[in-house]
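Structure first, commentary second.
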Amino acid sequence: MEKVQGENDTERWDRLEEITESERGIIKETWARVYANSEDIGVAILIRILNDCPSAKEYFSQFKHMEDPLEMEGSVQLRKHGRRVMGAVNSVVENLEDAEKLTTVLSIVGKSHALKHKVDPVYFKILTGVMLEVIAEYYAKEFTPEVQLAWNKVRNNIYTQVQATYKETGWKQ
């Protein structure tokens with residue numbers, strides 16, 4: 001699922017990437033379509049993660065023993081968490097122009113997952129990668145290389161900011 005990153009890719013994960021005004025417009029336009037179908041896409045993202053990365057199940061006691069994607073799709077708890085994930089991404093998209101608010105949103109998410117849920121931060125990289133895969137599948141015609149580049153910057157910035165929050169909390173694996 002994850003490609004092995006080279007040295008240059010690794011460095012990219014350690015710093016925020018500037019998102020231009022044009023790219024913010026692309027992201028918001030794409031997201032408007034995605035968010036209109038957010039519950040189904042959120043569920044598709046979580047099912048893909050749980051199927052492709054079974055180790056993620058250790059963080060979800062309520063669907064830890066589910067193997068069947070149809071059973072997962074019908075899970076009220078999974079649907080609820082999918083909506084929560086999509087709501088968090090929506091907050092990121094809504095605050096792309098406001099670095100302070102964006103940092104606050106991602107700090108809250110990061111602290112919750114580090115301190116309360118004890119989720120390894122690598123799962124944010126996995127989650128955002130799967131999110132882009134699913135969006136690209138649902139909206140193949142609209143997910144041009146230009147759109148993908150803009151969303152890759154969002155993905156990088158989410159992971160970088162969440163990882164910084166983990167470091168602030170003293171996270172140790």
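What you are looking at is a predicted structure, and each value in this text was computed from that prediction instead of being measured. Starting from 1, each residue takes its place in the sequence as its number. We use all heavy atoms of the structure for the numbers below, so side chains are in, but hydrogens, waters and symmetry mates are not.
- Inter-residue side-chain proximity for Met72 and Leu46 is flagged as unmet; no heavy-atom pair is nearer than 4.5 Å.
- Remark: the backbone N or O of Ile41 is not paired with any side-chain donor or acceptor of Tyr138 at under 3.5 angstrom.
- Residues Met86 and Val34 meet the side-chain proximity criterion, which asks for heavy atoms closer than 4.5 Å.
- In this structure, CZ in Arg155 is found 7.5 Å from NZ in Lys125, a value given to the nearest 0.5 Å.
- Residues Ala114 and Thr169 come closest through the heavy atom pair CB-OG1, 3.9 Å.
- When only modelled atom types and interatomic distance are considered, Thr20 and Glu23 share a side-chain donor-acceptor pair under 3.5 Å.
- What you find for Ile126 and Cys53 is that their closest heavy atoms are CD1-SG, 4.0 Å.
- If you chain together hydrophobic residues whose side chains sit under 4.5 Å apart, Phe124 and Tyr59 fall into the same group.
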Residue pair Phe60, Val119: steps toward the side chain to side chain contact (heavy atoms under 4.5 Å, CB included) verdict:
CA-CA 10 Å; Phe60 297 101; Val119 174; over 6 Å; no
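- Atoms OG1 and CG, on Thr144 and Leu149 in that order, are 9.5 Å from each other to the nearest 0.5 Å.
- The nearest pair of heavy atoms linking Ala44 to Val134 is CB-CG1, 4.0 Å.
- Among all heavy-atom pairs drawn from Leu106 and Ile158, the shortest one is CD1-CA, 4.0 Å.
- The backbone N or O of Ile108 lies less than 3.5 Å from no partner atom in the side chain of Ser112, so there is not a single donor-acceptor pair.
- Side chains of Thr30 and Tyr139 form no contact here, defined as non-hydrogen atoms less than 4.5 Å apart.
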Given the rule in the salt bridge (Lys or Arg N to Asp or Glu O under 4.0 Å) test, do Glu67 and Lys57 qualify, once you have shown the distances and angles that lead to the verdict?
CA-CA 10 Å; Glu67 298 296 329; Lys57 287 183 178 182; 3.3 Å; yes
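- Pairs of residues two or more places apart, or lying in two chains, that qualify as side chain to side chain donor-acceptor pair (under 3.5 Å) and include a residue from residues 80-93 are Trp31-Asn90, Glu39-Arg83, His81-Arg84, Asn90-Glu94.
- Contact detail for Lys118 and Leu115: the closest heavy-atom pair is NZ-O, 2.8 Å.
- By the salt bridge (charged side-chain N to carboxylate O under 4.0 Å, His left out) test, Asp40 pairs with Arg79, sequence neighbours left out.
- The shortest side-chain heavy-atom distance between Val92 and Val154 falls under the 4.5 Å cut-off.
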Show your reasoning for whether salt bridge (Lys or Arg N to Asp or Glu O under 4.0 Å) applies to Lys28 and Glu97.
CA-CA 11 Å; Lys28 288 181 180 224; Glu97 289 94 358; 3.1 Å; yes
With side chain to side chain contact (heavy atoms under 4.5 Å, CB included) as the test, would you mind laying out the steps for Leu132 and Gln148 before giving the verdict?
CA-CA 8 Å; Leu132 295 188; Gln148 184 175 359; 5.7 Å; no
When you look at Leu78 and Leu50, which way does the side chain to side chain contact (heavy atoms under 4.5 Å, CB included) test go after all the steps?
CA-CA 11 Å; Leu78 191 130; Leu50 295 172; 3.6 Å; yes
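- The closest side-chain donor-acceptor pair between Ser75 and Gln77 falls under 3.5 angstrom.
- Between Glu137 and Arg48 there is a salt bridge, since a side-chain N of the basic residue sits under 4.0 Å from a carboxylate O of the acidic one.
- Ring centroids of His113 and Tyr166 are separated by 6.0 Å or more, keeping the two rings apart.
- Annotation for Lys111: atom NZ does not count as buried by contact number, only 12 or fewer foreign heavy atoms lying within 6.0 Å.
- At least one donor-acceptor pair closer than 3.5 Å links the side chain of Asn157 to the backbone N or O of Glu17.
- Scanning all heavy atoms of the two residues, the minimum distance from Asn95 to Leu102 falls at O-CB, 3.8 Å.
- Separating the CG atom in Asn156 from the OG1 atom in Thr128 is a distance of 9.0 Å, to the nearest 0.5 Å.
- Rounded to the nearest 0.5 angstrom, Glu142 CD and Glu29 CD are separated by 9.0 Å.
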Starting from the C-alpha separation in whole Å, work towards a yes-or-no answer on side chain to side chain contact (heavy atoms under 4.5 Å, CB included) for Met66 and Glu73.
CA-CA 10 Å; Met66 291 183 190; Glu73 190 174 345; over 6 Å; no
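- Atom CG of Leu127 sits about 4.5 Å away from atom CD1 of Ile49, to the nearest 0.5 Å.
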